[in-house]
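Worksheet for the structure shown next.
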Amino acid sequence: MPITMNEWKHVFKLDPAKEISDEHLEMICESGTDAVIVGGTDNVTMDGVLDLLVRIRRYSIPCILEISAMEAITPGFDYYFIPMVMNSTEKKWMMDIQHRAIKQYKEWMNWDQILMEGYCILNEDAKAFTHTNSYMPDDEDVTAYAYMAERVFHLPVFYMEYSGKYGDPKLVEQVKRQLNNTLLFYGGGIENDSQAREMNEHADVIVVGNSIYTGIEEAIKTVHAVKDY
Ligand code: 1GP
């Protein structure tokens, strides 16, 4: 794992299928956040990914591609995150697409740059939830997935994904108690500094996505809410 990731607290996630102005992108990249992730579920194209990569590269911020579509993988990012959806009902999303990617690209894969994420998708209305045929786990299921992510699969990241919905801070706290080495990422519905602080109490890293597009000023404040200056 890249050493500095242990110190991260906040990342922004940009969707390559959505428009962002140069002005807003500059606000994101110069906000003091720890990294920018490029990732989305629908309409992720090579053009959209490359456009963001080139524009983010004007800044010194670490830039990560979260891989959701094989056809949109490109070199040039600092890191590549590969989700394994633990609460999918289909083995495909936990194992098979990763297997296919490794079979095809293993000669070119630099494992210093690649991190696997144990994903648990917790919003039934999220596109990723239906796309991956996930089921809604109860709290005990979720904590068991977190435990498995660390103890069975030794994954560097366990990601509680509420995409589009603010989640349950008590469950985030319970999940954190399962983890000693695996980092806990929380993403979903963070729109302001108090939500950012609440989730950051237990999650190692909070991910702010949608509010970049719906309320940039408030979204920027989430950085200062969780980072010490
Ligand atoms: C989405 O977890 C991220 O993958 C962030 O969620 O878009 O709801 O902020 P939001």
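We use all heavy atoms of the structure for the numbers below, so side chains are in, but hydrogens, waters and symmetry mates are not. Counting begins at 1 with the first residue of the sequence.
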Chi angles and distances behind the side-chain contact (heavy atoms from CB on, under 4.5 Å) call for F129, E161: CA-CA 9 Å; F129 186 94; E161 173 64 290; over 6 Å; no

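- Using a cutoff of 4.0 Å between basic side-chain nitrogens and carboxylate oxygens, D78 and R57 are scored as salt-bridged.
- K176 and D204 are joined by a salt bridge, as a carboxylate oxygen and a charged side-chain nitrogen come within less than 4.0 angstrom of each other.
- Side-chain contact of Y119 with E66: a donor-acceptor pair under 3.5 Å is present, judged by distance alone.
- Remark: side-chain polar atoms of Y80 are paired, donor with acceptor, to backbone N or O of T74 under 3.5 angstrom.
- With E198 contributing its side chain and D193 its backbone, the two residues share no donor-acceptor pair below 3.5 Å.
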Audit row: E217, M27, side-chain contact (heavy atoms from CB on, under 4.5 Å) steps and yes/no: CA-CA 9 Å; E217 304 286 345; M27 288 166 79; 4.0 Å; yes

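- Looking only at distances, a side-chain donor or acceptor of T143 sits under 3.5 Å from a matching main-chain atom of D139.
- For the pair S211 (side chain) and I190 (backbone), a donor-acceptor distance under 3.5 Å is present.
- Shortest non-hydrogen contact noted between V142 and P137 is CG2-CG, 3.7 Å.
- In terms of modelled atom types and a separation under 3.5 Å, the side chain of Q98 and the main chain of M95 share a donor-acceptor contact.
- A distance-only check finds no donor-acceptor pair linking the side chain of S88 to the backbone of V85 [under 3.5 Å].
- Using a 30° and 60° split on the angle between ring planes, F81 and F185 fall in the perpendicular class, above 60°.
- Between the CE atom in M109 and the CG atom in D112 there is a gap of 12.5 Å [rounded to 0.5 Å].
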Worked verdict on L115 versus M5 for side-chain contact (heavy atoms from CB on, under 4.5 Å): CA-CA 11 Å; L115 266 90; M5 202 168 291; 3.7 Å; yes

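- Note: the hydrophobic cluster containing M84 also contains V152 (ILVMFWY, side chain heavy atoms under 4.5 Å, direct or indirect links).
- Salt-bridge annotation for R100 and D96: absent, with no side-chain N of the basic residue lying under 4.0 Å from a carboxylate O of the acidic one.
- Between atom CZ of residue F153 and atom CE of residue M116 there is a gap of 10.5 Å, rounded to the nearest 0.5 Å.
- With rounding to the nearest 0.5 Å, the separation of OH in Y186 from OH in Y162 is 6.5 Å.
- The backbone N or O of H24 lies less than 3.5 Å from a partner atom in the side chain of S21, making a donor-acceptor pair.
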Step-by-step side-chain contact (heavy atoms from CB on, under 4.5 Å) determination, I212 to K13: CA-CA 8 Å; I212 295 168; K13 192 186 279 192; 5.8 Å; no

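- When the side chain to side chain contact (heavy atoms under 4.5 Å, CB included) test is applied to T41, the partners found at least two apart in sequence or on another chain are K127, A128, H131.
- Taken to the nearest 0.5 Å, the CG atom of L14 stands 6.0 Å off from the CD1 atom of I28.
- Of the inter-residue distances, the one linking I56 atom CD1 with F12 atom CZ reads 12.0 Å to the nearest 0.5 angstrom.
- In this structure, the side chain of D34 engages the main chain of H10 through a donor-acceptor pair within 3.5 Å.
- To the nearest 0.5 Å, the span separating CD on E191 from OH on Y166 amounts to 10.5 Å.
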